[in-house]
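Convention: sequence-line order gives letters A, B, ...; per-chain numbering from 1. Only a predicted model underlies this, so the values are computations on that prediction, with no experimental measurement involved.
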Amino acid sequence: MTEKTIKIIKDFDIAQIADSGQCFRLNKREDGSYSLIARERYLEIVQQEEEITFFCEENEFREIWDSYFDLTTDYGAFKAQIESKDLYMQNACAYGRGIRILRQELWEMVITFIISQQNNIPRIKKCVESLCRAYGEKRTNFRNETYYTFPKPEALAGLGEEDLCSCSLGYRNKYIRKTADMVVSGGFDLYRLYDLNYEDARRELLKLCGVGIKVAECICLFALHHIDAFPIDTHIQKVLDRHYPEGFPFSKYQGFAGILQQYAFYYDVEGY
DNA sequence: GACCAGGGCCGGC
DNA sequence: GCCGGCCCTGGT
């Protein structure tokens, strides 16, 4: 086996996070634990109520996963700011109380959310996995099982028309090639985005091929951790139409609306 | 088999 | 700013 790091964490539910539509390589295993491939690593997680076991050394947990799972943020403080009269959000938050916004890798989120457009979650996972299998690096985990890292920009740049076809990406195929080419050629400085504020980062992201408003918002929220980013997809649009006919109270939730968006998304997809 | 929808975007007008 | 078209898959 491998080292374990055990923590007591409030407002954390690995199952809810896995199903919240923000990450696509966090999956339930047959024994009820969860496996995650991120940062070129393989991690397993077991949850028993508030006790979370991370199958890694304390060092690795402190340097990588503590931040990745946003564990030092007090989500109770956000929840306390939900207006008591905002019944829909009260319910959504109670339903998805263990959701946190992960700090995922920028390049991976760019490509993953290009793939996500006009697509559903199970198929997004399939597309991402086949992309990793075809262009990622092959690794072995502590169980001696094979896994694949997310492909680097260089691995996806300079591909021909037909190269990505095995991944069933459809018309997104072209977007991914063009975006990879822009990044690798130096025409787009991905890592400068970390220095920009939310609005500026979003405007820059729109320059990428296949990235519109919604995808840019997702990248801002899930990679750059601008928690005021508020992606509006078909589900959230439906929620807004049905439950906020007078408009969503953005002014009340300034600075963290993206977290509430995630409660609402999960509640709409998984709840009622 | 037809039709629709899925964490939308592009290009032409 | 609006709108048709778009790859592919799974569900009805």
Touch class at under 4.0 angstrom, heavy-atom based, for A/V269 against every strand present: nothing
Contact list for DNA chain C against residues 114-128 of chain A - heavy-atom distance below 4.0 Å: A/Q118, A/R123, A/K126
Sugar-phosphate only, base, or nothing, as touched by A/E217 at under 4.0 Å among non-hydrogen atoms: nothing
Donor on one side chain, acceptor on other, A/D86 and A/Q90, under 3.5 Å: no
Non-hydrogen atoms of A/K10 and A/R100 that approach each other most closely: O-NH2, 2.8 Å
Please tabulate, for the side chains in residues 46-54 of chain A, all donor-acceptor contacts under 3.5 angstrom to protein atoms that are two or more places apart in sequence or on a different chain.
| from | atom 1 | to | atom 2 | distance (Å) |
| --- | --- | --- | --- | --- |
| A/Q47 | OE1 | A/I14 | N | 2.8 |
| A/Q47 | NE2 | A/F12 | O | 2.9 |
| A/Q47 | NE2 | A/E49 | O | 2.7 |

Smallest separation among heavy atoms of A/I17 and A/I99, with atom names: CG1-CA, 4.1 Å
Over 12 non-hydrogen atoms of neighbours within 6.0 angstrom of CZ in A/R39: yes
Nucleotide range of DNA chain B lying under 4.0 Å from chain A heavy atoms: B/dG6 to B/dC10
Gap in Å between the two P atoms, one belonging to B/dG7 and one to C/dC2, rounded: 25 Å
Sugar-phosphate, base or nothing in reach of A/G212, heavy atoms under 4.0 Å: sugar-phosphate
Linked, directly or transitively: A/I259 and A/Y198 (ILVMFWY side chains, under 4.5 Å): no
Minimum side-chain heavy-atom gap A/S130-A/K126 below 4.5 Å: no
Heavy-atom closest contact (A/S35 atom, A/Y42 atom, distance): CB-OH, 3.6 Å
DNA chain B contacts among residues 229-239 of chain A, heavy-atom distance under 4.0 Å: A/P231, A/D233, A/T234, A/H235
Nearest heavy atoms of A/A15 and A/Y34, plus distance in Å: CB-OH, 3.2 Å
Same apolar cluster: A/F150 and A/Y191, side chain cutoff 4.5 Å: yes
Euclidean distance for P, B/dC9 against C/dG10 (whole angstrom): 24 Å
Residues from residues 165-186 of chain A lying under 4.0 Å of DNA chain C - heavy atoms: A/S168, A/L169, A/G170, A/Y171, A/R172
Non-hydrogen atoms of A/V110 and A/I219 that approach each other most closely: CA-CD1, 3.7 Å
Rounded C1' spacing from B/dC10 to C/dT9 in Å: 22 Å
Aromatic ring pairing A/F230/A/F248, orientation class (parallel under 30°, perpendicular over 60°, tilted between): tilted
Transitive ILVMFWY side-chain link A/L36 to A/Y147, under 4.5 Å: no
Comparing A/S20 and A/G210 on DNA chain B - which has the more 5′ nearest nucleotide: A/S20
Sugar-phosphate only, base, or nothing, as touched by A/F222 at under 4.0 Å among non-hydrogen atoms: base
Validation row, ring centre A/Y75 to ring centre A/F256 under 6.0 Å: no
Strand DNA chain C as a dot-bracket string - pairs counted if Watson-Crick or G-U with both distances under 3.5 Å, | where the partner lies in another strand: ||||||.|||||
Parallel, tilted or perpendicular: ring planes of A/Y244 versus A/Y88, cut at 30 and 60 degrees: perpendicular
Salt-bridge criterion met for A/E108 and A/R25 (N-O under 4.0 Å): no
